[in-house]
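What follows is a set of notes on a single structure, which appears directly below.
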Amino acid sequence: MVLTNEIDVAQPMSSQQEFDLQVFLQAGKTEVEAALDRSLPVIYPEKIYESMRYSLLAGGKRLRPILCLATCEMMGGTREMAMPTACALEMVHTMSLIHDDLPAMDNDDYRRGRLTNHKVYGDDVAILAGDGLLAYAFEFIVLQTKNVPADRLLDVVMRLGRAVGAAGLVGGQVVDLECEGKSNVPIETLNFIHNHKTAALLEASVVCGGSIAGANADDTSRLSRYARNIGLAFQIIDDILDITASSEELGKTAGKDLAAQKTTYPSLLGLEESKRRATELLDAAKAELEPYGDRAMPLKAIADFIGSRNH
Ligand code: GRG
């Protein structure tokens with residue numbers, strides 16, 4: 001695997017050596033971005049559609065849709081079956097970023113290497129763009145998914161709703177806001193925040209991909225554990241990158257956690273222990289995929305990618 005190893009908590013790829021993750025991720029990103037572009041044409045009132053598209057089509061790794069598509073394929077479904085849900089996951093993720101960047105929340109000027117939505121369109125339109133994307137995500141799944149039984153789609157809608165609401169992103173964000181300005185937040189609270197803010201949507205991405213393909217209860221539990229482990233590892237690495245990466249690499253302001261004296265994994269555990277925990281979580285995630293053999297290569301490689309990412 002030839003990704004920049006700024007953090008490099010990833011393990012050697014051994015049997016996955018022939019799997020070219022960069023090609024896989026780039027192809028997935030291109031495919032998802034084309035589908036996202038088609039998903040949201042600009043109609044009247046143009047301003048809101050332009051604002052929604054501004055953030056939806058601003059790049060990013062497209063990790064959540066790629067996870068959804070890869071899981072659906074691993075469990076025997078097709079990419080076509082999962083694409084509307086994959087797009088919806090990115091719509092939800094994007095709306096959470098728009099709202100997170102608002103002055104009332106994280107108050108950030110840059111995201112994905114460009115000005116944040118509210119900096120371009122104003123707070124009022126940015127709030128509405130987030131709301132519009134959230135509502136449209138659910139409509140889009142129901143309207144655009146083909147050849148998937150209705151009971152599986154209901155499961156997807158339920159899981160996405162749960163991941164977004166107070167049991168997921170919203171709950172994590174509220175606790176995060178409560179902890180603002182506190183530098184002595186216990187590790188259990190930090191885990192709660194990130195299991196909800198970050199891992200919940202990654203879990204929904206993976207489990208919904210499985211659900212669309214008809215995964216059974218055992219598979220669903222395995223997928224869920226895989227995703228929660230990569231989700232927490234993802235956040236630990238995000239915290240590490242806030243210290244070690246530049247704003248240019250991140251596409252957003254680096255060093256914000258440190259400046260705000262925010263409790264992070266490195267501030268609680270130190271850099272080395274944080275890296276060790278991320279490695280441990282990624283190993284545990286990959287272990288969940290053993291029953292799927294070579295079919296799990298993409299998901300295993302994504303776990304390695306999370307361990308070695310530098311942005
Ligand atoms: C969801 C209804 C609703 C409201 C939003 C603001 C909020 C509630 C929640 C905050 C969620 C949040 C911003 C979590 C952080 C998740 C995270 C790690 C984002 C960065 O993800 P990447 O690195 O970003 O995948 P790219 O740009 O690559 O997609």
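In listed order, ligands and their atoms are each counted from 1. No experiment lies behind these values; they were computed from the predicted model shown.
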Point to revise | Aromatic ring pairing Phe24/Phe19, orientation class (parallel under 30°, perpendicular over 60°, tilted between) | key: tilted

Review point. Within the structure, does Arg111 bring an N/O atom to less than 3.5 angstrom of an N/O atom in ligand 1?
Key: no

Point to revise | Arg112: numbered ligand 1 atoms lying under 4.0 Å from its heavy atoms | key: 26 (P), 27 (O), 29 (O)

Practice item. Give the atoms of ligand 1, by number and element, whose distance to some non-hydrogen atom of Asp100 is under 4.0 Å. Key: 6 (C), 10 (C), 13 (C)

Review point. Can Leu63 be said to touch ligand 1, with heavy atoms closer than 4.0 Å?
Key: no

Review point. With no hydrogens and no angle check, do the side chains of Ser211 and Asp155 hold a donor and an acceptor under 3.5 Å apart?
Key: yes

Exercise for review: Would you mind running through ligand 1 and noting each atom that sits below 4.0 Å from a heavy atom of Gln173?
Suggested key: 6 (C), 7 (C), 9 (C), 10 (C)

Review point. With sequence neighbours left out, what residues match Tyr49 under side-chain hydrogen bond (donor to acceptor under 3.5 Å, both in side chains)?
Key: none

**Study point:** Residue Gln235 vicinity, atoms of ligand 1 by number, heavy atom under 4.0 Å
**Key:** 18 (C)

Study note, to complete from the structure: The atoms of ligand 1 lying under 4.0 Å from a heavy atom of Gly60, numbered in the order shown, are 26 (P), 27 (O), 28 (O)

Exercise for review: Decide whether Gln173 and Asp100 meet the rule of one side-chain donor and one side-chain acceptor closer than 3.5 Å.
Suggested key: yes

Point to revise | Ser274 versus Asp239, side-chain donor and acceptor atoms under 3.5 Å | key: no

Check your understanding: Which pairs count as side chain to side chain donor-acceptor pair (under 3.5 Å) when at least one residue sits in residues 131-148, sequence neighbours excluded?
Key -> none

Study note, to complete from the structure: Among His93, His194, Met105, closest by heavy atom to atom 20 (C) of ligand 1 is His93

Review point. Has ligand 1 got any nitrogen or oxygen that is less than 3.5 angstrom from a nitrogen or oxygen of Lys197?
Key: no

Check your understanding: Between Leu299 and Ala70, what is the shortest heavy-atom contact and its length?
Key -> CD2-CB, 3.9 Å

**Study point:** For Thr198, the ligand 1 atoms whose distance to one of its heavy atoms is below 4.0 Å
**Key:** 16 (C), 18 (C)

Check your understanding: For ligand 1, which atoms have a heavy atom of Val164 less than 4.0 angstrom away?
Key -> 1 (C), 2 (C)

**Study point:** Polar side chain donor-acceptor pair, Arg225 to Ser221, under 3.5 angstrom
**Key:** no

